[in-house]
Amino acid sequence: MLKQFPSLFPLLIIFFLHCATTFAQSPPPSGPTNITAILQKAGQFTTLIKLLKSTQLADQINTQLNNSNQGITVFAPTDNAFSNLRAGTLNSLTDQQKVQLVQFHVLPSFLSMSQFQTASNPLSTQAGNSNSGQFPLNVTTSGNQVNITTGVVSATVANTIYTDNQLAVYQVDKVLLPLELFKPASPSPAPTPLKPEKDDVPSASHAPAGSSADSSGAMGLIHYKVTLVTFGVAVIAALSLWL
Ligand SMILES: *[C@@H]1O[C@H](CO)[C@@H](O)[C@H](O)[C@H]1NC(C)=O
Ligand SMILES: *[C@@H]1O[C@H](CO)[C@@H](O)[C@H](O)[C@H]1NC(C)=O
Ligand SMILES: *[C@@H]1O[C@H](CO)[C@@H](O)[C@H](O)[C@H]1NC(C)=O
Ligand SMILES: *[C@@H]1O[C@H](CO)[C@@H](O)[C@H](O)[C@H]1NC(C)=O
């Protein structure tokens with residue numbers, strides 16, 4: 001049991017630790033900033049990515065990032081946020097309204113977390129007119145906490161997904177519904193139960209393994225690491241028997 005060569009054991013450990021950390025590091029982003037790639041890497045944004053693609057706003061954001069020095073801020077609702085919408089919410093929108101919904105999540109300038117503290121409400125979004133009743137988006141801050149209100153929903157910035165002084169991507173816990181598209185219903189007695197929107201919103205956490213191309217990268221990495229560890233254990237066991 002490695003008695004003859006006790007010095008081999010720590011060497012083996014160091015070797016496998018080295019391999020594990022090497023493979024665990026993600027490759028640095030190369031080329032122009034790509035909002036889709038950033039969201040894919042972060043995981044749990046498959047619905048937003050789908051919308052960014054179908055509305056062609058992903059390309060537009062990437063082009064703007066390359067051509068402007070104002071920068072861009074994106075509020076990114078998670079898959080969970082989309083699945084908490086009332087059933088059929090997305091399907092009820094026209095293509096043009098879907099564009100507006102996504103544009104409402106994009107600010108035409110870079111804002112760091114601390115800049116939210118001094119931003120003046122309502123903020124303009126790429127959806128346009130921030131007059132009351134249209135596309136106003138307000139932020140309120142307290143310490144490190146940033147909340148967003150639209151007049152329809154109140155959301156919280158949960159996390160900074162990406163920031164490079166040109167592009168900031170913040171995870172939000174709710175889909176930011178603009179007043180223009182979701183005027184609060186006049187008091188109506190019809191109590192529609194809030195059901196998760198199963199029809200048009202896939203939930204990444206419940207998707208069968210391999211069904212989501214967007215999570216295959218992370219799954220691949222985990223698989224790789226598991227394989228690596230298994231391999232390491234096997235080699236150590238074989239060496240111990242042999243010695
Ligand atoms: C951005 O990244 C996505 C996903 O990785 C890829 O499909 C797309 O081709 C990239 N776009 C550009 C302009 O590189
Ligand atoms: C970025 O901008 C430069 C200069 O304006 C242009 O040559 C290049 O093709 C652009 N790249 C992309 C991916 O749009
Ligand atoms: C943000 O929202 C949370 C939950 O709704 C609330 O508890 C908190 O006080 C709000 N903070 C600010 C700064 O508005
Ligand atoms: C947003 O802020 C403006 C200016 O303080 C205020 O007039 C407006 O009522 C606010 N709207 C919402 C939805 O909070």
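Counting convention: from 1, in listed order, for ligands and their atoms alike.
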Out of all atoms in ligand 3, which are within 4.0 Å of some heavy atom of Thr141? Include the element for each.
13 (C)

Give a yes or no answer on whether the side chain of Gln115 reaches the backbone of Ser112 with a donor-acceptor pair at less than 3.5 Å.
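Side chain of Gln115 to backbone of Ser112, a donor-acceptor pair under 3.5 Å: yes, one is there.
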
Determine whether a donor-acceptor pair (N or O, by modelled atom type, separation under 3.5 Å) exists between the side chain of Asn62 and the backbone of Ile35.
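Yes, because the side chain of Asn62 sits within donor-acceptor range (under 3.5 Å) of the backbone of Ile35.
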
Sub-4.0 Å atoms of ligand 1 with respect to non-hydrogen atoms of Gln40:
4 (C), 5 (O)

Short N/O distance, under 3.5 Å, between Asn147 and ligand 3?
yes

Can you pull the side chain to side chain donor-acceptor pair (under 3.5 Å) pairs that have at least one residue in residues 167-180, sequence neighbours excluded?
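Checked against side chain to side chain donor-acceptor pair (under 3.5 Å) - neighbours excluded - no pair reaches residues 167-180.
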
Show every side chain to side chain donor-acceptor pair (under 3.5 Å) that has at least one partner inside residues 132-143, sequence neighbours left out.
Asn129-Gln134

Flag Asn62 as yes when one of its N or O atoms lies below 3.5 Å from any N or O atom of ligand 1, and as no otherwise.
no

Residue pair Gln64 / Gln126, side-chain donor-acceptor N/O under 3.5 Å
yes

At a 4.0 angstrom heavy-atom cut-off, what protein residues surround ligand 4?
Asn121, Asn138, Thr149, Thr150, Gly151

Partners meeting ring pair (Phe, Tyr, Trp, His ring centres under 6.0 Å) with Phe110 (sequence neighbours left out):
none

Can you measure from OG1 (Thr150) to CZ (Phe182) and round to the nearest 0.5 angstrom?
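Rounded to the nearest 0.5 Å, the OG1-CZ separation comes out at 9.5 Å.
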
Leu181 CG to Lys98 NZ distance, which is reported to the nearest 0.5 Å
12.0 Å

